[in-house]
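Everything numeric in this text was worked out from a predicted model, so none of it was measured. Quick note on labels: first sequence line is chain A, next is B, and so on, each numbered from 1.
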There are 2 protein chains.
Amino acid sequence: MNSSRQPADATGPVPATAPRGAAFLLAQIGAHAAGRFAERVAHLGLTPADVGLLRMVAGQPGRSQRALAEDLGVVPSRVVKLIDVLEGKGLVERRRSEEDRRNYELHLTAEGRSTLGAVSRAAAAHEDALLAALDSEQRGHLLGLLQRIAAEQDLTPGVHPGYRARG
Amino acid sequence: MNSSRQPADATGPVPATAPRGAAFLLAQIGAHAAGRFAERVAHLGLTPADVGLLRMVAGQPGRSQRALAEDLGVVPSRVVKLIDVLEGKGLVERRRSEEDRRNYELHLTAEGRSTLGAVSRAAAAHEDALLAALDSEQRGHLLGLLQRIAAEQDLTPGVHPGYRARG
DNA sequence: TATTGTTATACTCTATAACTATA
DNA sequence: TATAGTTATAGAGTATAACAATA
């Protein structure tokens, strides 16, 4: 409103306000991407956390809940509830280990594999929509740059930091 | 352990498990970046949300809490508590509007401007650490690609989606 | 005595709705 | 009657710690 009048508290130059660097854009676009992906898998009754866990069980069947907790960087009691959900939907199966009956071995069910296929299709559509501004060459270039950053920052492939406590 | 033995449930080819696309990397690196930035401003007693709000007040002094809530996409009652924190630290000031005494006009204090300077230095160090894998030319290229995506996805400059409810 | 998984509890964050004051 | 801000309450999500079964 008073664009022509100097505000009374402008005692000095106002600092740059809107962050313009790549770090902020990565955080902003990353959160946006996570939100859009969540929308795309919601109709499957899954959260992004569920999807990540489903993928890990698919990739390394037979692992224990404690091992999964270790990989994700979360407390074991959280894995209990995450697996409860997936088991309740019939996507994952707990099998008592024969070698050490304290453990469960986690496996995908047939329906779990089918659901994971639907997730993959949703992920592909998501990728395409998110990168709509870029042509094929630019997408490849972006992927390469992101892979370098992820490797240098020691990010575990496939593990989203969102599993860990906020921060 | 049993890498030579076929698991009993391998009834078919295991689906691709670790997401390898740019969309996932953006979400993963973005969450990582947000976490590292949170660590860097923690010694100032600020969360990333506090920083974002501080920047908005600096950029557009005199706005009302309701206007801020609108910009951030959050409910007004949340802005109350966010501003309570910043006011309690002496960084932001509530001034009753003379024109409409229902409103507050929000302004930075001198200490708020000083703190924002410290935030900018932290942000610069953060940017440099996050992009350590890239040389100057690559950083410029990345920035350009990210800016295209952000514009096409209609992301408000400077507003992190993390303010809004999870999703 | 140590370890896997579970349950119970508390804490944090956020939205919803009721309320005060100004208009 | 409508609007800016506040407060009170409830809900979701997560970690912490105590617990049972197995080793």
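- Across the protein-nucleic acid pair, A/Tyr163 atom OH and D/dA15 atom P stand 13 Å apart, rounded to whole Å.
- Contact of the B/Ile29 side chain with the A/Gln153 side chain is not registered, since no non-hydrogen atoms from C-beta on lie closer than 4.5 Å.
- Sequence order on DNA chain D of the closest nucleotides to B/Arg63 and A/Leu82 puts B/Arg63 first from the 5' end.
- Atom-to-atom, CG of A/Asp84 to P of D/dG13 comes out at 14 Å; the value is rounded to the nearest Å.
- Annotation: side chain of A/Glu105 is not in contact with side chain of A/Asp100 (no heavy-atom distance under 4.5 Å).
- Here the side chains of B/Leu25 and A/Leu155 are not in contact, with every heavy-atom distance at 4.5 Å or above.
- Ion pairing of A/Asp50 with A/Lys89 is absent here, as no side-chain N (NZ or NE/NH1/NH2) approaches a carboxylate O to less than 4.0 Å.
- When each of D/dT6, D/dT16, C/dT14 is scored by its nearest atom to the side-chain atoms of A/Val75, the top-ranked nucleotide is D/dT16.
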### Task
Scan nucleotides 17-23 of chain D nucleotide by nucleotide, 5' to 3', and note B when protein non-hydrogen atoms come under 4.0 Å of the base, S if they reach only the sugar-phosphate, - if neither.
B----BS
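- Going from atom CZ of A/Arg66 over to atom C1' of C/dT3 covers 6 Å, rounded to whole Å.
- Backbone-only contact: B/Arg94 has heavy atoms under 4.0 Å from sugar-phosphate atoms and none from a base.
- With distances taken from any side-chain atom of B/Ser64 to the nucleotides C/dT4, D/dG5, D/dT6, the minimum falls on D/dG5.
- The closest side-chain heavy-atom distance from A/Asp71 to A/Arg63 is below 4.5 Å.
- The salt bridge (Lys or Arg N to Asp or Glu O under 4.0 Å) search around B/Glu93 returns B/Arg95, not counting sequence neighbours.
- Heavy-atom neighbours of A/Glu152 CD from other residues, nucleotides or ligands within 6.0 Å: above the threshold of 12.
- B/Arg78 places its CZ atom 18 Å from the C1' atom of D/dT9, with the value rounded to the nearest Å.
- When the C1' atom of D/dT6 is taken as reference, atom CG of B/Asn103 falls 14 Å away, rounded to whole Å.
- Computed from coordinates, the A/Gln65 CD to C/dT3 C1' distance equals 13 Å when rounded to whole Å.
- The nearest whole Å value for the distance from the CG atom in A/Asp50 to the P atom in D/dG13 is 10 Å.
- In this structure, B/Lys81 atom NZ and C/dA15 atom C1' are separated by 11 Å, rounded to whole Å.
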